[in-house]
Amino acid sequence: MDARTPAPAAAPRHWAIVGGGMLGLTLAYRLSQAGEKVTVLEAAPSLGGLASAWQVGDVTWDRYYHVTMLSDARLRALLEELGLEQDVRWSVTKTNFYTGSSMHALNNSIDYIRLPVLGLIDKARLAATIIYGSRIENGRPLEQLSAEAWLTRLSGKTTYQNLWRPLLRSKLGNNYAKASAAYIWSVIRRFYAARRGGLKTEMFGYVPGGYRRILATLAEKLQAGGVTLETGMPVTAVTSSGNGFQVTAGEDVRHFDRVVNTCASPIATKVCAGLNDRERLQHEDILYQGIVCASLLLDRSLGGAYLTYITDETIPFTTVIEMSTLIDRVETGGRHLVYLPKYLPLDDPLLGASDEEVEAAFVPALLRMFPGLARENIKSFKVTRTRHVLAVSTLNYSEKLPPMATSIPGLYIVNSAQIVNGSLSVDESVNLANEASAFLIATEQVPTGTAAK
């Protein structure tokens with residue numbers, strides 16, 4: 001061949017993406033943009049994972065509560081690529097704070113001053129903690145400190161006991177004491193960035209139609225780019241075979257050149273054969289939380305606050321999210337959509353409780369919080385559960401985290417546990433997909449000039 005003749009372009013490799021949540025779908029999108037052939041295998045009947053939609057009563061909306069924040073730059077960039085960013089509807093939201101005996105607004109500096117559970121000095125230290133935390137750019141050093149120690153040092157013991165500790169427990173259960181300061185820093189940073197001008201007005205947004213519309217648009221974009229999307233395909237085995245992999249889903253066995261497993265670590269390691277002991281131990285050491293989340297349709301509002309924080313540890317759910325204060329009630333048939341989430345350690349019996357048991361625990365507590373609400377105002381109550389929904393950022397988390405590339409060439413595990421020093425959100429999932437795709441393209445030396453964004 002003449003030296004001036006360019007070499008023929010390498011044929012695109014065929015990638016299997018195990019898991020069709022926002023992480024897997026965005027990763028598939030980026031790899032296809034780089035010229036690779038991609039098939040997404042999703043176990044559920046529909047795409048989306050934690051972002052999927054479902055029906056409560058006669059309303060179809062997101063299975064879990066999701067909002068877009070002004071600071072969600074990576075998600076907003078993806079929405080722009082999909083032609084949806086200009087459709088985002090932004091709203092000013094309100095926040096309440098429930099102490100166990102009374103409800104208090106928590107929307108501006110005056111509300112903070114009036115908060116009864118803290119003294120004036122405590123409130124000043126709380127505000128200083130939030131401002132200080134929001135200005136820290138790199139959370140990695142905070143992994144060496146416990147959240148308890150860091151918050152107590154900055155906010156004081158009273159503020160930690162009366163505010164931070166109940167909030168940590170509501171999100172992490174008995175694992176709250178194992179969380180590093182990087183965890184609460186990431187939460188502070190994301191929510192503070194959603195405010196305009198410091199401790200002032202929050203701006204949250206949503207795409208009309210919810211994630212059902214986002215996922216449908218993304219699926220159309222993927223298929224137009226040659227990506228194959230298959231649902232109802234629970235992958236049970238990924239085995240190295242020659243110069244590629246055999247992927248088993250039910251009785252179906254396929255061959256792929258490369259595989260990326262986006263499932264939670266306990267599932268991914270169970271499916272992927274041939275991992276060495278060290279990397280299995282790294283995945284097993286990740287501390288996961290589960291979630292039980294109830295969706296309710298009401299015929300009346302709870303009062304107009306999008307988010308109600310709860311410090312009363314006798315309330316069996318984490319927070320109250322009145323989604324219909326954000327989204328147009330045309331989306332909910334004029335009803336009021338409310339979420340009651342509860343984050344749990346994996347050994348908590350509530351994860352295995354029936355819908356009726358969850359309802360029996362949640363509804364009386366909700367009625368106690370909102371005395372004007374009656375049982376007959378609740379028109380629908382439906383429960384969803386997910387194990388391994390959240391990896392707890394424990395001490396020295398980054399040092400113990402397994403890498404994306406496994407010991408088996410061509411096999412990668414990329415999941416939400418690798419969201420380091422960031423709160424679990426769709427924006428962080430999109431960011432992880434962007435970073436992972438760039439890593440995969442560089443590692444596999446994909447012969448293309450199109451880089452992941």
Side-chain angles (χ1 to χ4, degrees), residues 15-34 36 38-44 46-53 62-64 66 68 72-79 81-82 186 190 211-212 214-219 221-222 225 227-231 233-235 238 247 258-269 271-272 283 286 288-289 291 386-391 393 401-406 411-441 443 452-453:
W15 293 73
I17 306 292
V18 181
M22 282 298 295
L23 171 59
L25 294 176
T26 307
L27 187 53
Y29 183 40
R30 299 304 182 208
L31 287 174
S32 69
Q33 286 179 318
E36 296 291 81
V38 183
T39 295
V40 176
L41 302 173
E42 166 58 40
S46 59
L47 298 170
L50 295 175
S52 62
D62 305 340
R63 182 182 298 269
Y64 291 102
H66 299 286
T68 301
D72 288 347
R74 290 72 61 101
L75 173 58
R76 293 177 64 186
L78 177 61
L79 292 177
E81 291 181 63
L82 300 178
S186 69
R190 182 171 187 249
Y211 268 89
R212 177 176 56 168
I214 295 172
L215 289 164
T217 305
L218 180 54
K221 193 88 167 180
L222 287 166
V227 175
T228 301
L229 303 174
E230 299 189 39
T231 57
M233 294 290 287
V235 172
V238 176
V247 176
R258 302 290 186 269
V259 175
V260 183
N261 195 322
T262 68
C263 299
S265 288
I267 301 170
T269 54
V271 164
C272 296
H283 283 283
I286 296 171
Y288 276 94
Q289 293 281 113
I291 186 174
T386 301
R387 298 178 69 85
H388 310 117
V389 71
L390 170 69
S393 178
L401 197 63
M404 296 179 187
T406 72
L411 174 62
Y412 302 87
I413 296 177
V414 180
N415 60 36
S416 61
Q418 290 157 336
I419 297 175
V420 178
N421 296 332
S423 57
L424 180 62
S425 66
V426 177
D427 182 67
E428 289 289 358
S429 294
V430 171
N431 183 55
L432 177 60
N434 291 343
E435 293 179 347
S437 60
F439 170 75
L440 297 175
I441 290 167
T443 302
K453 296 183 179 181

Q | Check: S429 and T26 side chains under 4.5 Å, non-hydrogen atoms | A | no
**Q.** Separation of S393 OG from L401 CG (nearest 0.5 Å)
**A.** 9.5 Å
Q: State whether the side chain of D427 and the backbone N or O of R74 hold a donor-acceptor pair below 3.5 Å, judged by distance alone.
A: yes
Q: Report the C-alpha distance between V430 and L23 in whole Å, list the side-chain angles of each, state the deciding distance to 0.1 Å, and finish with yes or no for side-chain contact (heavy atoms from CB on, under 4.5 Å).
A: CA-CA 6 Å; V430 171; L23 171 59; over 6 Å; no
(Q) Under a 3.5 Å distance rule, please check whether E428 uses its side chain to pair with a backbone N or O of S425 as donor and acceptor. (A) no
Q.
Rounded to the nearest 0.5 Å, what separates atom CZ in R387 from atom CD1 in I267?
A. 9.5 Å
Q) Roughly how far, to the nearest 0.5 Å, is the OG atom of S46 from the CZ atom of R212? A) 11.5 Å
Q | Spacing of CD1 belonging to I214 relative to CG belonging to L78, to within rounding of 0.5 Å | A | 8.5 Å
**Q.** Exercise: identify the closest heavy-atom pair between G19 and V40
**A.** O-CG1, 3.9 Å
Q: Please report the shortest heavy-atom distance between T386 and Y64, naming the atom on each side.
A: OG1-OH, 2.6 Å
(Q) Less than 4.5 Å apart, side chain to side chain, heavy atoms only: is that true for V414 and F439? (A) no
Q. Do S52 and Y211 come within less than 4.5 Å of each other through their side chains, counting heavy atoms only?
A. no
(Q) Show the nearest heavy-atom pair for residues T217 and L82, with the distance to one decimal. (A) CG2-O, 3.6 Å
Q: Say whether, by atom type as modelled, one donor and one acceptor occur between the side chain of Q418 and the main chain of I413 under 3.5 angstrom.
A: yes
Q: Verify whether one side chain among N434 and R30 offers a donor that lies under 3.5 Å from an acceptor in the other.
A: yes
Q.
Show, in sequence, the C-alpha distance, side-chain angles and deciding distance for L411 and V238, and conclude whether the side-chain contact (heavy atoms from CB on, under 4.5 Å) test is met.
A. CA-CA 9 Å; L411 174 62; V238 176; 4.1 Å; yes
Q: Return yes if some donor-acceptor pair links the side-chain N/O of D62 with the main-chain N/O of A53 below 3.5 Å, else return no.
A: no
Q: Report the distance from atom CE of M22 to atom CG of L215, rounding to the nearest 0.5 Å.
A: 6.0 Å
Q: Could you tell me whether K221 and E81 have a side-chain N and a carboxylate O separated by less than 4.0 Å?
A: no
Q | Minimum heavy-atom distance between G21 and E42, given as atom pair plus value | A | N-OE1, 4.1 Å
**Q.** S32 side chain to Y29 backbone, donor-acceptor under 3.5 Å
**A.** yes
Q: Write down the atom of L432, the atom of N415, and the distance for their closest heavy-atom approach.
A: CD2-O, 3.2 Å
**Q.** Polar side-chain atom of H66 near backbone of L50 as donor-acceptor pair, under 3.5 Å
**A.** yes
**Q.** CA sep, side-chain torsions, deciding dist, call: N261, Y412, side-chain contact (heavy atoms from CB on, under 4.5 Å)
**A.** CA-CA 6 Å; N261 195 322; Y412 302 87; over 6 Å; no
Q | Q33 CD to L222 CG distance, which is reported to the nearest 0.5 Å | A | 9.0 Å
Q. Do V247 and V259 come close enough that some side-chain heavy atom pair is under 4.5 Å?
A. yes
Q.
Is any side-chain heavy atom of V18 closer than 4.5 Å to one of V271?
A. no
Q.
When you compare the side chain of L27 with that of L440, does any pair of heavy atoms fall below 4.5 Å?
A. yes
Q) Looking only at heavy atoms, which two atoms of Y288 and P266 are closest? And how far apart? A) CE1-CD, 3.6 Å
Q. Is there a side-chain contact between T39 and I17 (heavy atoms, below 4.5 Å)?
A. no
Q.
Checking the side chain of T231 only, and the main-chain atoms of L47 only, is there a donor and an acceptor separated by less than 3.5 Å?
A. no
Q: Taking the side chain as every heavy atom from C-beta outward, state whether L25 and L229 have any atom pair closer than 4.5 Å.
A: yes
